Structure formats: structure tokens, C-alpha cells
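Each remark here refers to the structure printed beneath this line.
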Amino acid sequence: MTFSLAPHVSTTETETGMVLLDERSGRYWQMNETGALVLRNLLEGGTPESAVIALRARFPTVTDDLGEDVAMLVAALRGAGVVTP
């Protein structure tokens, strides 16, 4: 599954991650470095599984269930209409 930003959503990189703006509603989401890494991976053609691999490479000492965390983030982004598969 390939992900892309919804046409009405723009992004801005920040020092600590990324901000997404829904240009229709004015609503925005501030993503930390971890969330931004996941989103960039997906937008570059990656999958949730490859995002988990990227997270494990970036944060090798983390023992959390990254697969579940990524799945929850993807579900939230899709639910908000920010990304489309």
C-alpha cells in the first residue's frame, strides 16, 4: 500500500519534527521527530513495516511495541483524512 498526503494537506519541517496543515479546515497537527520519521517513510513509498525498521535503526534501545505504535499513528492519520492509501 502506497501512502500520499491528501491534496489539501501541506507540511512544514521543524527542528523537532513536522507540522501538517489541513488547508480546508485550518486544523493542524504537530508531529515529533518519531512521528515525522514514520510519515516521511510512508510518503517515500515505505510501508508500516519499513517504518518500524527505520525506527528500530534510529532508536535501537527502544523496547516498545513499535509495530502497534506505527499502526495507531497510521490509523489516526487516515482517520483525520491527512493521508490516503
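Just so you know, these numbers come straight off a predicted model, no measurement behind them.
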- Considering residues, nucleotides and ligands other than Glu23, do more than 12 of their heavy atoms fall under 6.0 Å from its CD? yes
- Message: Heavy-atom count check: over 12 atoms from other residues, nucleotides or ligands less than 6.0 Å from Phe59 CZ?
- Response: yes
- Contacts of Arg56 that satisfy side chain to side chain contact (heavy atoms under 4.5 Å, CB included) - sequence neighbours left out: Val52, Leu66
- Message: Are Leu43 and Val19 connected into the same hydrophobic cluster when the rule is that any two of I, L, V, M, F, W, Y join if their side-chain heavy atoms are below 4.5 Å apart?
- Response: no
- Message: Check for me, please, whether Leu73 and Val62 land in the same ILVMFWY cluster - side-chain distances under 4.5 Å, paths through other members count.
- Response: yes
Within-4.5 Å side-chain heavy-atom neighbours: [X] and [Y]:
X: Val82; Y: Leu5; value: yes
X: Leu55; Y: Leu37; value: yes
X: Leu77; Y: Phe3; value: no
X: Leu42; Y: Val83; value: no
X: Asp69; Y: Val38; value: no

Nearest 0.5 angstrom please: [X] [atom1] to [Y] [atom2], how far?
X: Glu44; Y: Leu39; atom1: CD; atom2: CG; value: 9.5 Å
X: Arg27; Y: Leu21; atom1: CZ; atom2: CG; value: 11.5 Å
X: Glu33; Y: Thr14; atom1: CD; atom2: OG1; value: 9.5 Å

- List in chain and number order the residues that pass side chain to side chain donor-acceptor pair (under 3.5 Å) with Arg24, two or more places apart in sequence or in another chain; answer none if no residue qualifies. His8
- Query: Got a sec, which residues hit side chain to side chain donor-acceptor pair (under 3.5 Å) with Arg40, two or more places apart in sequence or on another chain?
  - Reply: Glu13
- For Pro48 and Val74, work out which heavy atoms get closest and say how close. CG-CG2, 4.5 Å
- Item | Exercise: identify the closest heavy-atom pair between Gly81 and Val9 | O-CG2, 4.3 Å
